[in-house]
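See below for the structure under consideration.
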Amino acid sequence: MTRLGVEMLAADAPEPITSAGHAQLGIAVLAGIAVIVLLITKFKLHAFLSLTIGSLALGAFAGAPLDKVIASFSAGLGSTVAGVGVLIALGAILGKMLADSGGADQIVDTILERAGGRSMPWAMVLIASVIGLPLFFEVGVVLLIPVVLMVAKRGNYSLMRIGIPALAGLSVMHGLVPPHPGPLIAIDAVGADLGVTLALGVLVAIPTVVIAGPLFSKYAARWVDVPAPERMIPQRPSEDLAKRPGFGATLATILLPVVLMLAKALVDIVVDDPENGVQRVFDVIGSPLIALLASVLVGIFTLGRPAGFSRERISSLVEKGLAPIAGILLIVGAGGGFKQTLIDTGVGRMILDISEDWSIPALLLAWLIAVAIRLATGSATVATVSAAGLVAPLAADMSTTHAALLVLAIGAGSLFFSHVNDAGFWLVKEYFGLDVGQTIKTWSVMETIISVVAGAFVLLLSLII
């Protein structure tokens, strides 16, 4: 895990690769981000290429030698992929196994059997939050859309009354709770403790998803009262299966990595002795890699085998789960390269100086930077990696809990007001059969509520702990 942004503040820290002043560095940052935004939005260039070119542009505008800029970018890319690449891969495998085995459908159906009437929006939040733990946002949307549409039609509910809670649950998990890529990237960049971040992320996520989900859905249903479009009801994965895993086994498999990582964080706090045997054991089993690997291996027996999958089918499933994440890994890696270029050109020190001169709270600054980049690029991931790189040096003097809150502030800001430059905007629009105006009134407003509420709770927690 790279901590160069923190180490540069130490007495023996290496000098920045450029001696440019604050004004030139500020222009370089704006130019680099502008290049990324322009390439993504205007020229529709892939985010990986855009981040790579933007990093080179940043170095050039900062007056840094090109060979050193390339070295910084390469080092950042390598360390980021090394830190989170395997975790993203394991999460993708677990998500694919959960979907194809029918385990996700089993959770959905079990909860829906016990819910009805006014409790249905709350049931949808619960379903989305649980399923959203190991799944990427887009995968979760595709998986839950059939359920949302069928429940709305069968129970004669407004589509927004059921759909908004489901989307809120998925989005909050995606932005605030590791092992999703965004939080993992920010944790890696600022050197935060994963277990503490996970615990505080869940603490912030609960009230946020309640406000942005069931409560806001009442108003969203009044603003946009549309029926479920039958043409968009796709086939559910388990419809082709003769049998599927049980509810308890599926839920235990999903929650296993969360429990292991939280247990490590708790033991670290209670024992607080790196030489203690118990703490050393939990440091191993509660590490993200081992926790997710354990969940994948357990899932082979609790998800794959009960669904009747052969060894060949499970092997093929793992391969198919890995294929779609190539683009994500490249974007994450390039984001890490951009972050390292920001740090090595001296931008980190500049941000530190500015925050001290302007007396802007670090958490608010992180949230504002993430919001600005999110609005410009439409990508929560790009917003997260860029903001994390900019504010990483601010974590140097922070406590463990405040470093974790810095990660959550970045995650909250990265979700602000999804609009026409965000792929998620069009995904929701098409699946729910909405027009652009209706999507803004519902999805975009919901994302903004999540960002503002989560940011407010993060700031509140910073005053308490």
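Note that the structure is a prediction, hence the values are computed from the model and not measured. Values below: every heavy atom of this structure, side chains too, minus hydrogens, waters and symmetry copies.
- Scanning both residues, Phe425 and Ser444, for their nearest heavy atoms gives CE1-OG, 3.5 Å.
- Side-chain N or O atoms of Thr80 include one that pairs as donor or acceptor with a backbone N or O of Gly76 at under 3.5 Å.
- No salt bridge links Arg280 with Asp273; every basic N to acidic carboxylate O contact stays at or beyond 4.0 Å.
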Fill in: Criterion side-chain contact (heavy atoms from CB on, under 4.5 Å) on Ile254 and Ile107, from CA distance to verdict
CA-CA 11 Å; Ile254 294 173; Ile107 288 179; 3.4 Å; yes

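- Scanning all heavy atoms of the two residues, the minimum distance from Val125 to Gly213 falls at CG2-CA, 4.5 Å.
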Discussion item. Before you tell me yes or no, could you show the steps for Ile185 and Asp188 under side-chain contact (heavy atoms from CB on, under 4.5 Å), namely the whole-Å CA-CA distance, both residues' side-chain angles and the distance that decides it to 0.1 Å?
Written reply: CA-CA 5 Å; Ile185 295 163; Asp188 182 71; 5.8 Å; no

Practice prompt. Verify side-chain contact (heavy atoms from CB on, under 4.5 Å) between Met446 and Leu167, making sure each step is shown before the conclusion.
Written response: CA-CA 9 Å; Met446 182 207 77; Leu167 292 172; 3.9 Å; yes

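- In terms of heavy atoms, Ile373 sits closest to Ala387 at CD1-N, 4.1 Å.
- For the atom pair OG (Ser217) and OH (Tyr157), the distance works out to 11.5 Å, reported to the nearest 0.5 Å.
- Between His46 and Ile331, some side-chain heavy-atom pair lies under the 4.5 Å cut-off.
- Listed by chain and residue number, Leu77 satisfy the side-chain contact (heavy atoms from CB on, under 4.5 Å) test with Val81 (two or more places apart in sequence, or in another chain).
- Shown here are the side-chain contact (heavy atoms from CB on, under 4.5 Å) partners of Thr110, two or more places apart in sequence or in another chain: Gln106, Arg114, Phe247.
- Residues Ala404 and Leu200 approach most closely at CB-CD1, 3.9 Å, considering heavy atoms.
- Taking 4.5 Å as the limit, every side-chain heavy atom of Thr302 sits out of range of all side-chain heavy atoms of Thr250.
- Looking at residues two or more places apart in sequence or on another chain, you find a salt bridge (charged side-chain N to carboxylate O under 4.0 Å, His left out) between Lys264 and Asp268, Asp283.
- Using a 4.5 Å cut-off on side-chain heavy atoms (C-beta onward), Met398 and Leu406 make contact.
- Side-chain contact between Leu255 and Leu251: present, with at least one pair of heavy atoms (C-beta onward) separated by less than 4.5 Å.
- Taken from CD1 in Ile187 to OG1 in Thr384, the straight-line distance is 11.0 Å, to the nearest 0.5 Å.
- Gln438 is not listed as a side-chain neighbour of Phe432, based on a closest heavy-atom distance of 4.5 Å or more.
- Of the N and O atoms on the side chains of Arg374 and Ser414, not one donor lies less than 3.5 Å from an acceptor on the other residue.
- Taking CG from Leu198 and CG from Leu408, the interatomic distance works out to 10.0 Å, rounded to the nearest 0.5 Å.
- Side-chain contact check for Ser171 and Glu447: at least one donor-acceptor pair (N or O, by modelled atom type) lies under 3.5 Å.
- A distance of 11.0 Å separates CG of Leu45 from CD1 of Ile36, quoted to the nearest 0.5 Å.
- Distance alone, capped at 3.5 Å, is enough to place a donor-acceptor pair between the Ser310 side chain and the Arg313 backbone.
- Between Ser295 and Thr253, the side chains place no donor N or O within less than 3.5 Å of an acceptor N or O (distance only, hydrogens not considered).
- In this structure Pro183 satisfies the side-chain contact (heavy atoms from CB on, under 4.5 Å) test together with Pro178, His180, sequence neighbours excluded.
- Looking only at distances, no side-chain donor or acceptor of Ser158 sits under 3.5 Å from a matching main-chain atom of Asp225.
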Practice prompt. Report the C-alpha separation of Arg244 and Asp100 in whole Å, then their side-chain angles, then the decisive distance to 0.1 Å, and conclude whether the salt bridge (Lys or Arg N to Asp or Glu O under 4.0 Å) test is met.
Written response: CA-CA 10 Å; Arg244 61 189 187 185; Asp100 286 12; over 6 Å; no

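- Contacts of Lys429 classified as side-chain contact (heavy atoms from CB on, under 4.5 Å), with partners at least two apart in sequence or in another chain: Trp426, Val436, Thr439.
- Between Arg161 and Pro121 there is a side-chain heavy-atom pair separated by less than 4.5 Å.
- In this structure, CG in Asp422 is found 9.5 Å from CG in Leu415, a value given to the nearest 0.5 Å.
- Residues Val148 and Tyr431 have side chains not in contact (no heavy-atom distance under 4.5 Å, counting atoms from C-beta outward).
- Here the closest non-hydrogen pair linking Gly413 and Trp367 is N-CD1, 3.3 Å.
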Practice prompt. Verify side-chain contact (heavy atoms from CB on, under 4.5 Å) between Leu260 and Ile290, making sure each step is shown before the conclusion.
Written response: CA-CA 9 Å; Leu260 290 177; Ile290 297 300; 5.9 Å; no

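- Note on residues 193-224: pairs passing ring pair (Phe, Tyr, Trp, His ring centres under 6.0 Å), not counting sequence neighbours, are Phe216-Trp223.
- Side chains of Phe416 and Val452 form a contact here, defined as non-hydrogen atoms less than 4.5 Å apart.
- Put simply, CD1 on Ile300 and CZ on Phe309 are 12.0 Å apart, with the number rounded to the nearest 0.5 Å.
- Although no hydrogens or angles enter the test, the distance criterion places a donor-acceptor pair under 3.5 Å between the side chain of Ser462 and the main chain of Leu459.
- Closest heavy-atom contact between Ile131 and Ala104: CD1-O, 3.8 Å.
- Under the 3.5 Å distance criterion, the side-chain polar atoms of His402 are matched with a main-chain donor or acceptor of Ile465.
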